[in-house]
Amino acid sequence: MSLDATSPAAPGLHRTRLPTRAVLAVGGPDARAFLQGLLTNSVTAVTPDRPVWAGLLSPQGKCLFDLMVFDDGAGGLLVDADASRLADLTRRLTMYRLRAAVTLTPRPDLAVFAAWGDGTPPAGAQPDPRLPALGWRWIAAANDTASTATPEAYRRHRWRLGVPEGAAEVGVDALLWLETNAGELNGVDFRKGCYVGQENTARMHFRNKVRKRLLPLDLPGAASGDELGDDTVIRSGDGKPAGDL
């Protein structure tokens, strides 16, 4: 993540729709048990007032999808996922479904929203489970246009807090789940039962083997991180690679 030197957003409550996120409805009598056996966090902890952040991993423990799971208020679940990979997520979950009584339905009529700053959040907004300073997150009708900020403003707010999101920042099958700050951001339940990729994730945690992770980097004077390119290597004083920007 790279940040420019612009000032943080002005005081007040800021609200925006997140066009990089989309919604998948997971329904049916086996919906919770189905996701419980796949995701890194405990889906049984999801309530109408509390979503959870979780990862769907490869068997090796690398992040394929980062997800926010909400209660839909009618017995099912709504999954907030990377919009560019919603079809891939649906296919992957369909592969795992087998004979489970589960329905998977993309919901283009719904959208993901975020609010942050000082003030009373909109009705239906729920505290972001990753970090209190992030603010609130919720799913509502896609035709809701009551925004007071831009998606880019939210992205910069999120970056300053060191919170990655989506394939553009986390990658696909590139980083182990704990390398995405999942341990620090409440993205894992180390006491739950098995899930895909659990073995490597648990081993890294209990043996304290997380050797790298994502961090924000402030670049004073830069108008945009985009001008630095996609493959910039950060080097130590002796010229050895120390990270990727």
Point to revise | Under 3.5 Å: donor-acceptor pair, side chain of Glu199, backbone of Gly61 | key: no
Check your understanding: Can Leu89 be reached from Leu77 by stepping across I, L, V, M, F, W or Y side chains whose heavy atoms are under 4.5 Å apart?
Key -> yes
Review point. Please walk me through it: do Asp118 and Leu13 pass side chain to side chain contact (heavy atoms under 4.5 Å, CB included)?
Key: CA-CA 5 Å; Asp118 301 319; Leu13 184 71; over 6 Å; no
Exercise for review: Using atom types as modelled and distance alone, determine if a side-chain donor or acceptor of Asp72 lies under 3.5 Å from a backbone N or O of Gly76.
Suggested key: yes
Review point. How far apart are the closest heavy atoms of Gln126 and Pro51, and which atoms are they?
Key: OE1-CD, 2.9 Å
Study note, to complete from the structure: Across all chains, not counting sequence neighbours, the side-chain hydrogen bond (donor to acceptor under 3.5 Å, both in side chains) partners of Thr105 are none
Check your understanding: Is the side chain of Asp30 donor-acceptor paired with the backbone N or O of Ala101 at a distance under 3.5 Å, no angle test?
Key -> yes
Review point. Side-chain contact, heavy-atom cut-off 4.5 Å: Arg130 with Met68?
Key: yes
Exercise for review: Treating Ile, Leu, Val, Met, Phe, Trp and Tyr as nodes and any side-chain heavy-atom pair under 4.5 angstrom as an edge, say whether Leu176 and Leu56 lie in one connected cluster.
Suggested key: no
**Study point:** Atom of Leu86, atom of Ala81 and distance for their closest heavy-atom approach
**Key:** CD1-CB, 4.2 Å
Check your understanding: Same cluster for Leu57 and Tyr96 if Ile/Leu/Val/Met/Phe/Trp/Tyr side chains link at under 4.5 Å?
Key -> no
Point to revise | Exam field: side chain Lys192 to backbone Thr40, donor-acceptor pair closer than 3.5 Å | key: no
Exercise for review: Please answer: with hydrophobic residues joined when any side-chain heavy atoms are less than 4.5 Å apart, are Phe34 and Leu98 in the same cluster?
Suggested key: no
**Study point:** Donor-acceptor contact present, side-chain Arg203 to main-chain Lys209, <3.5 Å
**Key:** no
**Study point:** N-O pairing of Arg155 and Glu169 below 4.0 Å
**Key:** no
Check your understanding: Do NZ/NE/NH1/NH2 and the carboxylate oxygens of Arg21 and Asp66 come within less than 4.0 Å?
Key -> yes
Review point. What closest approach, in Å, do Ala149 and His14 show between heavy atoms, and which atom pair accounts for it?
Key: CB-CB, 3.9 Å
Check your understanding: Taking atom types as modelled, is there a side-chain donor on Asp82 or Ser84 under 3.5 Å from an acceptor on the other?
Key -> yes
Practice item. Identify the two heavy atoms, one from Ala142 and one from Ala111, that lie closest to each other, and give their separation to 0.1 Å. Key: CA-CB, 3.8 Å
Review point. Do any N or O atoms from the side chain of His157 and from the backbone of Ala133 form a donor-acceptor pair under 3.5 angstrom?
Key: yes
Check your understanding: When rounded to the nearest 0.5 angstrom, what distance separates CG in Leu185 from CG in Leu161?
Key -> 9.5 Å
Exercise for review: Anything under 30° is parallel, anything over 60° is perpendicular, the rest tilted; go ahead and classify Phe190 against His205.
Suggested key: parallel
Review point. Can you name the residues that form a salt bridge (Lys or Arg N to Asp or Glu O under 4.0 Å) with Asp109, not counting sequence neighbours?
Key: Arg107
Exercise for review: Considering non-hydrogen atoms only, spot the tightest contact between Trp116 and Thr150 and give its length.
Suggested key: CH2-O, 4.3 Å
Review point. Looking at residues at least two apart in the chain, or sitting in another chain, which of them share a salt bridge (Lys or Arg N to Asp or Glu O under 4.0 Å) with Arg15?
Key: Asp144
Exercise for review: Measure across Trp138 and Ala125 and return the closest heavy-atom pair with its distance rounded to 0.1 Å.
Suggested key: CE3-CB, 3.5 Å
Check your understanding: Does Leu24 share a hydrophobic cluster with Val46, counting links as ILVMFWY side-chain heavy atoms below 4.5 Å and allowing steps through other members?
Key -> yes
